[in-house]
Trainee: 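Please find one structure pasted underneath; my questions will follow.
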Amino acid sequence: MKVIFAGTPEFAATALASLHEAGFEIPLVLTQPDRPAGRGMHLHASAVKQYALEHNIPVAQPVSLKLNGKYPDVAAEAHDLLRKTAHDVMVVAAYGLILPVSVLDIPRLGCLNIHGSLLPRWRGAAPIHRAIEAGDQETGITIMQMEEGLDTGPMLLKQSIAINSTDTTGSLHDKLAAMGGNMIVQALQQLERGSLTAAVQPEQGVTYAAKISKEEAALDFHLPACVLERKIRAFNPFPGTHAQYGNSTIKIWAAQMITGAKTSAIPGQVLTASAQDGILIACGEGVLKLTELQKPGGKRLLAAEFLQGFPLTPDTQFNRL
């Protein structure tokens, strides 16, 4: 079976590697154009492009696939390439570009998507972040037959995984990426045998995982400690949460809710700040212990190390942003 693959970040590169190692012929990879990154803002290839080039797989990087969009000539050229490239099916994982119906109709066996949630929960761009932020107990991978709607297509395979109380988006991403790689191999093997069956998504339980914005990363200590703790884990490693202390923006990378703790202090007030007692912050409901922080221009540090270079004073307050 010949597979065209479309994807961009590490999540997708893991799936591409799984397909390649399983022996599927991959005549073409689609990935987003190189983007500026780092302090020098030099162009960097996506994780998918890097893997493809390392394994001599042809790569195309159209900026758009919409024939009626801003770049119709680029899209038309990409359509021609897809039609000329012999293949049976397209696999899509975190590609980042919209696939119009004109593209979905090209592969003989359609387009299969690796989605990082248990559909129909968390359709959309940021399912891993939103599952942690919402306090979900489990998530998983759904292999889906793509159609025109946003993650609305029939489900082909589905597998769940527990969300641990210590999971961040980074750790959960890696688990789901490995799971997705294994599942897409299984799906294509079943497709070859003619044993892959589809199930329509239920109408109940639909939620949408909106794209993460940097504006959301500011912590509001008027919220309950449990909500803030989940948000900190959900936004690690990107974009990372932060809070304002005086004139300094402090990144908060890890925290723990203190079970059963109550306080009448003003939300955002520093209750304790020492190597022995830790950094405890009053919240709208409960108390949050900050365990990993980063000052402007500094490195990520555990609380005790952070306090050596950035002392916090009890009874002072993080500002409301």
Side-chain angles (χ1 to χ4, degrees), residues 1-35 44-62 78 81-82 84-97 99 103-104 106-119 127-128 139-146 151 153 155-162 167 169-198 237:
M1 180 178 283
K2 295 182 179 180
V3 182
I4 287 181
F5 186 88
T8 299
E10 286 291 345
F11 183 88
T14 300
L16 175 60
S18 295
L19 291 171
H20 184 257
E21 292 167 6
F24 289 98
E25 184 178 347
I26 304 171
L28 177 66
V29 159
L30 299 181
T31 192
Q32 286 207 44
D34 297 357
R35 305 292 189 196
H44 284 260
S46 71
V48 163
K49 179 180 179 180
Q50 292 177 41
Y51 183 91
L53 294 180
E54 289 169 3
H55 295 85
N56 300 312
I57 302 172
V59 175
Q61 298 177 271
L81 177 61
L82 290 172
K84 292 175 182 177
T85 303
H87 67 289
D88 302 292
V89 65
M90 181 185 294
V91 169
V92 182
Y95 181 27
L97 292 184
L99 270 62
V103 169
L104 298 177
I106 293 175
R108 178 175 64 88
L109 297 174
C111 299
L112 274 58
N113 178 249
I114 307 169
H115 187 75
S117 81
L118 299 174
L119 291 171
I128 302 176
T139 187
I141 292 289
T142 305
I143 306 297
M144 175 192 67
Q145 187 84 41
M146 295 182 70
D151 300 328
M155 302 178 294
L156 305 172
L157 290 179
K158 201 170 183 180
Q159 186 174 333
S160 64
I161 185 174
D167 269 325
T169 287
S171 66
L172 191 56
H173 165 280
D174 293 348
K175 297 175 190 177
L176 291 174
M179 179 184 288
N182 291 332
M183 289 177 65
I184 194 60
V185 169
Q186 296 172 28
L188 292 186
Q189 290 171 341
Q190 291 180 31
L191 186 61
E192 282 187 300
R193 297 193 298 265
S195 61
L196 191 62
T197 58

Trainee: Not counting sequence neighbours, list each pair that qualifies as a side-chain hydrogen bond (donor to acceptor under 3.5 Å, both in side chains) and has a residue in residues 182-198.
Mentor: none

Trainee: Any idea which heavy atoms bring Pro127 and Gly116 closest together, and the distance?
Mentor: CB-O, 3.4 Å

Trainee: Within this structure, what is the CE-NE2 distance for the pair Met155 and His115, rounded to the nearest 0.5 Å?
Mentor: 11.5 Å

Trainee: Give a yes or no answer on whether the side chain of Thr85 reaches the backbone of Leu81 with a donor-acceptor pair at less than 3.5 Å.
Mentor: yes

Trainee: Could you state the interatomic distance from CG (Leu109) to CG (Leu191), rounded to the nearest 0.5 Å?
Mentor: 5.0 Å

Trainee: Are Asp88 and Arg108 ion-paired here, with the side-chain N under 4.0 Å from a carboxylate O?
Mentor: yes

Trainee: For a 4.5 angstrom cut-off between non-hydrogen side-chain atoms, does Met90 reach Leu112?
Mentor: no

Trainee: How close do Ala12 and Phe5 get, heavy atom to heavy atom, and via which atoms?
Mentor: O-CZ, 3.2 Å

Trainee: What is the distance from atom CG of Leu176 to atom OG1 of Thr139, rounded to the nearest 0.5 Å?
Mentor: 5.5 Å

Trainee: Mind listing the closest non-hydrogen atom pair of Gln61 and Val59 along with its distance?
Mentor: CG-CG1, 3.9 Å

Trainee: Enter the distance from Leu28:CG to Ile4:CD1 here, rounded to the nearest 0.5 Å.
Mentor: 5.0 Å

Trainee: Between Ser171 and Asp167, what is the shortest heavy-atom contact and its length?
Mentor: OG-OD1, 2.8 Å

Trainee: Would a distance-only check, ignoring hydrogens and angles, find a side-chain to backbone donor-acceptor pair under 3.5 Å from Gln159 to Gly140?
Mentor: no

Trainee: With the side chain counted from C-beta on, respond yes when Val185 and Phe24 share a heavy-atom pair under 4.5 Å apart, and no when they do not.
Mentor: yes

Trainee: Check whether any side-chain heavy atom of Leu157 lies under 4.5 Å from a side-chain heavy atom of Thr142, and answer yes or no.
Mentor: no

Trainee: Between Gln50 (side chain) and Ala45 (backbone), is there a donor-acceptor pair under 3.5 Å?
Mentor: yes

Trainee: Would you say the side chain of Phe11 lies within less than 4.5 Å of the side chain of Ile114, judging by non-hydrogen atoms?
Mentor: yes

Trainee: Can Val92 and Leu30 be said to form a side chain to side chain contact (heavy atoms under 4.5 Å, CB included), step by step?
Mentor: CA-CA 9 Å; Val92 182; Leu30 299 181; over 6 Å; no

Trainee: Answer whether the closest heavy-atom distance between the side chains of Thr8 and Leu97 falls below 4.5 Å.
Mentor: no

Trainee: Go through the steps to decide whether Ile161 and Lys175 satisfy the test side chain to side chain contact (heavy atoms under 4.5 Å, CB included), and finish with yes or no.
Mentor: CA-CA 9 Å; Ile161 185 174; Lys175 297 175 190 177; 3.8 Å; yes

Trainee: For the pair His20 (side chain) and Leu16 (backbone), establish whether a donor and an acceptor sit closer than 3.5 Å, ignoring hydrogens and angles.
Mentor: no

Trainee: Among Ile141, Ile143, Leu156, which one satisfies side-chain contact (heavy atoms from CB on, under 4.5 Å) with Ile184?
Mentor: Ile143

Trainee: Check whether any side-chain heavy atom of Leu118 lies under 4.5 Å from a side-chain heavy atom of Lys158, and answer yes or no.
Mentor: yes

Trainee: To the nearest 0.5 angstrom, please state how far the CD atom of Gln145 sits from the CG atom of Leu196.
Mentor: 8.0 Å

Trainee: Could you tell me whether the side chain of His173 reaches within less than 4.5 Å of the side chain of Glu10, counting heavy atoms only?
Mentor: yes

Trainee: Could you tell me which non-hydrogen atom of Pro27 sits nearest to which non-hydrogen atom of Val3, and how far apart they are?
Mentor: CD-O, 3.3 Å

Trainee: For Thr169 and Pro237, work out which heavy atoms get closest and say how close.
Mentor: C-CD, 4.4 Å

Trainee: Donor-acceptor pair, Asn113 side chain versus Met144 backbone, under 3.5 Å?
Mentor: no

Trainee: Is any side-chain heavy atom of Leu119 less than 4.5 Å from a side-chain heavy atom of Asp151?
Mentor: yes

